[in-house]
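Side chains are part of it too, since the values below use all heavy atoms of this structure and drop only hydrogens, waters and symmetry mates.
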Amino acid sequence: EFVMGDIQNKEKLIEVIANTDVVYNFAALADIDQALENPESTVITNILGNVNVMEACRVNKVGRFIYASTIYVYSGEGGFYRCSKQASEAYVQEYQKTHGLDYTILRYGSLYGPRADQTNGIYCIIESALHDGFVSYKGDIGSMREYIHVSDAAKASVKILNDDFKNKSIVLTGQEPMKVVDMLHMLSEILGFPTSTVQFAEDKNIGHYIRTPYSYQPKLDRKYIPPMHVDLGQGLLQLIDILQDKIKSDK
């Protein structure tokens, strides 16, 4: 059964999710470039929308909530898309602590395969190649990816319903890292194009990682202690005086 709806419609979510054992949330603004251009829409869809779905799960006492996240959550890249997924993961974990809503977080890598659209990297490369007669890519020539076929990701997304994966975060990527340029030459050979026609346009590709999505970014916070400060006792007396004056003025 297919129900067309909006994850901002809380009442409809509660109605549709009723009598459900497991809920997967794949609804998101998932294109990094679109998210960079639309930070507010990214928050509304990816964070608030996800909270709406979890709230409907809580109301209906759903057994397991499956959240589609990304390997970008521990990256220095990913822009507002990564920010929204980090925040949503925190909400997912807090819902489990506060409301007992069990979850599994799935951090997807570079997906490809049927039913992709123009927000998918490999889809765009193949579509362009079939139209132009040569394979091209815009990005860093050192880029590497761990491509995973959508059918493999789908099967894994069901396997994780096992209790072993309850309240865990799972990374779903391909078996081996591969240079994007090697994939381009493979694609060129499959299409019967001369490999010499592969075109690699150097571009910073803002928001996208090059070799790994993971980034160690310790932030050293500094504490400032004023050389002159208000004594705690004096500060409390000040607040007491303010509140007493307020009480008198309210009478």
Side-chain angles (χ1 to χ4, degrees), residues 3 5-14 16-17 20-111 117 119-121 146 148 150 153-154 156-161 165-173 206-209 212-217 219:
V3 179
D6 186 339
I7 56 173
Q8 301 306 329
N9 188 333
K10 300 176 185 178
E11 292 75 18
K12 189 66 176 180
L13 279 171
I14 292 173
V16 171
I17 289 174
T20 303
D21 297 321
V22 178
V23 169
Y24 288 75
N25 182 16
F26 289 102
L29 195 164
D31 182 80
I32 291 175
D33 297 327
Q34 289 179 10
L36 283 170
E37 296 172 2
N38 301 282
E40 185 176 356
S41 296
T42 304
V43 169
I44 293 171
T45 302
N46 293 4
I47 302 176
L48 181 58
N50 186 54
V51 171
N52 290 340
V53 177
M54 287 192 295
E55 185 62 14
C57 289
R58 181 192 68 79
V59 170
N60 285 295
K61 295 181 171 55
V62 169
R64 182 91 67 91
F65 175 69
I66 314 298
Y67 180 62
S69 188
T70 173
I71 56 174
Y72 273 98
V73 289
Y74 288 124
S75 174
E77 303 297 337
F80 296 121
Y81 171 67
R82 181 252 306 157
C83 294
S84 70
K85 290 298 184 178
Q86 283 180 333
S88 289
E89 284 199 14
Y91 271 94
V92 170
Q93 293 162 359
E94 194 62 31
Y95 252 77
Q96 199 285 323
K97 286 169 58 180
T98 305
H99 299 299
L101 177 60
D102 289 331
Y103 68 87
T104 301
I105 293 171
L106 300 178
R107 295 181 182 142
Y108 293 96
S110 299
L111 292 163
D117 59 23
T119 63
N120 181 265
E146 295 178 5
I148 178 169
V150 66
S157 299
V158 175
K159 291 289 186 183
I160 54 83
L161 291 177
F165 301 102
K166 184 186 294 184
N167 300 326
K168 301 287 177 61
S169 299
I170 310 299
V171 174
L172 290 178
T173 63
I206 296 173
H208 299 260
Y209 69 90
T212 175
Y214 304 111
S215 175
Y216 178 59
Q217 296 177 306
K219 293 184 179 179

So salt bridge (Lys or Arg N to Asp or Glu O under 4.0 Å) across residues 41-53, not counting sequence neighbours, yields none

Heavy-atom nearest pair, Ile32 first then Gly78, reads CG2-O, 4.1 Å

Side chain to side chain donor-acceptor pair (under 3.5 Å) with Ser69: of Lys85, Glu89, Arg107, only one passes, and it is Glu89

ring-ring contact (aromatic ring centres under 6.0 Å, His included) filter on Tyr24, not counting sequence neighbours, yields Phe26

Does Phe165 have more than 12 heavy atoms from other residues, nucleotides or ligands lying within 6.0 Å of its CZ? yes

When you measure from the side chain of Arg64 to the backbone of Val22, do you find a donor-acceptor pair of N or O atoms at a distance under 3.5 Å? no

Hits for side-chain contact (heavy atoms from CB on, under 4.5 Å) against Asn167, two or more places apart or cross-chain, chain-then-number order -> Gln96, Asp102, Tyr103

Note: Ala156 and Leu172 closest approach over all heavy atoms is CB-CD2, 3.6 Å

d(Thr70 OG1, Leu106 CG) to nearest 0.5 Å is 11.5 Å

Sorted by chain and residue number, the salt bridge (Lys or Arg N to Asp or Glu O under 4.0 Å) partners of Lys159 (sequence neighbours excluded) come out as none

Heavy-atom nearest pair, Val23 first then Thr20, reads CG2-CG2, 3.9 Å

Tightest non-hydrogen contact, residues Ala68 and Tyr108, listed as CB-CE1, 3.8 Å

By side chain to side chain donor-acceptor pair (under 3.5 Å), Asp6 pairs with (sequence neighbours left out) none

### Non-hydrogen side-chain atoms of Leu13 and Val59 separated by less than 4.5 Å
no

Sorted by chain and residue number, the side chain to side chain donor-acceptor pair (under 3.5 Å) partners of Asn25 (sequence neighbours excluded) come out as Asn50

Applying ring-ring contact (aromatic ring centres under 6.0 Å, His included) to Tyr95 and not counting sequence neighbours gives His99

The reported gap from OH in Tyr81 to CG in Leu29 (rounded to nearest 0.5 angstrom) is 9.5 Å

By side chain to side chain donor-acceptor pair (under 3.5 Å), Asn52 pairs with (sequence neighbours left out) Gln8

By side-chain contact (heavy atoms from CB on, under 4.5 Å), Asp31 pairs with (sequence neighbours left out) Asp33, Gln34, Thr119

So salt bridge (Lys or Arg N to Asp or Glu O under 4.0 Å) across residues 47-59, not counting sequence neighbours, yields Glu55-Arg58

Heavy-atom closest pair (Ile170 atom, Thr104 atom, distance to 0.1 Å) is CG1-CG2, 4.0 Å

For residues 35-49, the side-chain hydrogen bond (donor to acceptor under 3.5 Å, both in side chains) pairs (sequence neighbours left out) are Asn46-Ser84

Sorted by chain and number, sequence neighbours left out, side chain to side chain donor-acceptor pair (under 3.5 Å) with Gln86 holds for none

- [ ] Kindly indicate, with the supporting measurements, whether the criterion side-chain contact (heavy atoms from CB on, under 4.5 Å) is fulfilled by Lys168 and Ile160.
- [x] CA-CA 9 Å; Lys168 301 287 177 61; Ile160 54 83; over 6 Å; no

Closest non-hydrogen contact found for Ser75 with Arg82 is O-NE, 3.4 Å

To the nearest 0.5 Å, atom OG of Ser110 lies from atom CD1 of Ile71 at 5.5 Å

OH (Tyr91) and CG (Leu48) are apart, to the nearest 0.5 Å, by 9.0 Å

